[in-house]
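Please read the structure below before turning to the comments.
First listed ligand is number 1; within each ligand, the first listed atom is number 1. All values below were derived from every heavy atom in this structure, side-chain atoms included, with hydrogens, water molecules and symmetry-related copies excluded.
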Amino acid sequence: MKIIMLGAPGAGKGTQAKKIAEKYQIPHISTGDIFRANIKDGTELGKKAKTYMDQGLLVPDELVCDLVVDRVKQDDCRNGYILDGFPRTIPQAESLDAALGQMGESLDFAINVDVPDEHIVNRMSGRRACVGCGATYHTVYAPTKKEGVCDVCGAELILRDDDKPETVQKRLSVYHDQTQPLIDYYRGKGILKDVDGTKDMDVVFQAITDILGA
Ligand code: ADP
Ligand code: ADP
Ligand code: ZN
């Protein structure tokens, strides 16, 4: 099963993608996580990506597309995968389609996690990320057992720089300009499925599994 997740920053794509990956036993591929790992490791890609991410801008397509296309060709992706945070522009979607087409494959579902802008700032200001393992929490909606400490690995939690309100506004406008058009792109291909992302996490997950099937 090949799935992509669409939705505004903070809509809950990562939260749901992790649960889907676990249930269906497919890799969860998050371009944001890949960039953050590269930044942490100090790679050239990380240095380039950071200058865009810090400003709430998208990393240029040419730094993203090959990376994802190479990743989905790896062995662990033969039974499918879930892409979280890619594609984010029409050229990215076209390049993915072209690469899949060459392999005789195509996407099965584009899940659009729909959350209006007015909920987003609230979601993002409460989001906390683990500096150790990258796990995501929310101060109100998904708190850790012990405040400020990751349940999984015990490392410290931070508010991502790009989750500060000024950057969130920029990311939202970038989303509307560059990523939202993908909704119609995939609707046109007949694989778009909308879910109401304002509901509780478990309710959203149930709606997604209803779409994907047992
Ligand atoms: P969120 O989950 O809040 O939407 P991500 O972790 O997916 O954020 O992405 C963080 C940042 O990484 C984005 O704001 C963007 O700068 C960069 N990024 C991630 N994926 C892509 C992509 N497919 N194309 C361009 N930039 C990307
Ligand atoms: P995205 O990957 O789309 O940027 P995340 O999955 O990181 O979004 O979720 C953003 C924040 O909102 C996180 O702090 C997460 O714990 C929280 N969150 C995710 N889904 C829900 C939900 N259905 N209700 C309330 N909070 C949520
Ligand atoms: Zn952790």
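Residue A8 places a heavy atom less than 4.0 Å from ligand 2.
Rounding to 10 degrees gives 120° for the angle at the Zn ion (ligand 3) between SG of C133 and SG of C153.
The closest protein non-hydrogen atom to atom 24 (N) of ligand 1 is Q92 NE2, 2.9 Å. Protein heavy atom in closest approach to atom 14 (O) of ligand 2: Y137 O, 2.8 Å. Considering only non-hydrogen protein atoms, atom 27 (C) of ligand 1 sits nearest to F35 CE1, 3.8 Å. With respect to atom 2 (O) of ligand 2, the closest heavy atom belonging to the protein is G14 N, 2.8 Å. T31 OG1, 2.7 Å is the protein heavy atom nearest to atom 20 (N) of ligand 1. Scanning the protein for heavy atoms near atom 8 (O) of ligand 2, the closest one is G12 N, 3.1 Å. Protein heavy atom closest to atom 23 (N) of ligand 2, with residue, atom name and distance, is K199 O, 2.8 Å. Nearest protein heavy-atom contact of atom 10 (C) of ligand 2 is G10 O, 3.6 Å. In this structure, atom 16 (O) of ligand 2 lies nearest to the protein heavy atom H138 CB, 3.4 Å.
When heavy-atom distances to ligand 1 are checked against a 4.0 Å cut-off, T89 has no atom that comes that close, whether in backbone or side chain. With a 4.0 Å cut-off on non-hydrogen atoms, R160 touches ligand 1 through its side chain and not its backbone. Contact annotation: for A17 versus ligand 2, there are no heavy atoms closer than 4.0 Å. Contact annotation: for L58 versus ligand 1, heavy atoms closer than 4.0 Å belong to both the backbone and the side chain.
Checking only distances, R36 does come within under 3.5 Å of ligand 1, N or O to N or O. Considering backbone and side-chain N/O atoms, D162 never comes within less than 3.5 Å of an N/O atom of ligand 1. The shortest N or O to N or O distance between D33 and ligand 1 is not below 3.5 Å. Considering backbone and side-chain atoms alike, A142 places every N or O at 3.5 Å or more from each N or O of ligand 2. In terms of N/O distances under 3.5 Å, ligand 1 is approached by V59. Looking at L57 next to ligand 1, an N or O pair under 3.5 Å apart turns up. For ligand 1, none of its N or O atoms has an N or O atom of G56 under 3.5 Å away.
Although no hydrogens or angles enter the test, the distance criterion places no donor-acceptor pair under 3.5 Å between the side chain of N38 and the main chain of T43. Judged purely by atom type and a 3.5 angstrom limit, K145 has no side-chain atom pairing as donor or acceptor with the backbone of C150. D200 places no side-chain N or O within donor-acceptor distance of the main-chain N or O of D202, the cut-off being under 3.5 Å. The main-chain N or O of V131 is found under 3.5 Å from a side-chain atom of K40 such that the two form a donor-acceptor pair. Side-chain atoms of K13 come within 3.5 Å of backbone N or O of A8 as a donor-acceptor pair. Using modelled atom types, no side-chain atom of E147 and backbone atom of T144 make a donor-acceptor pair closer than 3.5 Å. Panel note: side chain T179, backbone R88; a donor-acceptor pair is recorded below 3.5 Å.
Interatomic distance, E94 CD to D61 CG, rounded to the nearest 0.5 Å: 10.0 Å. For the atom pair SG of C130 and CG of D151, the computed distance is 9.5 Å after rounding to the nearest 0.5 Å.
Ion pair R127/D163 flagged as a salt bridge, since at least one NZ, NE, NH1 or NH2 atom sits closer than 4.0 Å to an Asp/Glu carboxylate oxygen. Look at D41 and R36 and you find no salt bridge, because none of the NZ, NE, NH1 or NH2 atoms lies under 4.0 Å from a carboxylate O.
Side-chain atoms of Q206 and D210 form a donor-acceptor pair, as typed in the model, at a separation below 3.5 Å. For the 3.5 Å distance criterion, the side chains of H176 and D117 qualify, holding a donor opposite an acceptor.
Nearest residue to atom 19 (C) of ligand 2 from T15, D200, T139 is T15 (criterion: closest heavy atom). Of all the listed residues (H119, R127, K18), R127 holds the heavy atom that lies closest to atom 7 (O) of ligand 2. Distances from atom 9 (O) of ligand 1 to the heavy atoms of M53, M124, R88 put R88 nearest. When M201, K13, R123, K19 are ranked by how near their heavy atoms come to atom 11 (C) of ligand 2, first place goes to R123.
Every atom of ligand 1 is numbered from 1 in the order shown, and the set under 4.0 Å from a heavy atom of F86 is 23 (N). If you number the atoms of ligand 1 from 1 as listed, the ones under 4.0 Å from a heavy atom of P9 come out as 3 (O), 4 (O). Applying the 4.0 Å criterion to heavy atoms of G85 picks out, from ligand 1, the atoms 20 (N), 21 (C), 22 (C), 23 (N). Close approach to R171 involves these atoms of ligand 1, each under 4.0 Å from a residue heavy atom: 1 (P), 3 (O), 4 (O), 8 (O), 14 (O). Every atom of ligand 1 is numbered from 1 in the order shown, and the set under 4.0 Å from a heavy atom of V64 is 22 (C), 23 (N), 24 (N), 25 (C). Near T136, the atoms of ligand 2 lying under 4.0 angstrom from a non-hydrogen atom of the residue are 7 (O), 13 (C).
A cation-pi arrangement is present between K189 and Y185, with the terminal nitrogen or guanidinium carbon under 6.0 Å from the aromatic centre and inside a 45° cone about the axis. Remark: K19 is positioned above the aromatic ring of F205, its terminal NZ or CZ atom under 6.0 angstrom from the ring centre and at most 45 degrees off the axis.
Exactly one of I82, I208, I4, L192 qualifies for a side-chain contact (heavy atoms from CB on, under 4.5 Å) with I111. That residue is I208.
Within 6.0 Å of NZ on K50 lie no more than 12 heavy atoms contributed by other residues, nucleotides or ligands. Sparse packing is recorded around CD of E22, with 12 or fewer heavy atoms of other residues, nucleotides or ligands lying under 6.0 Å away.
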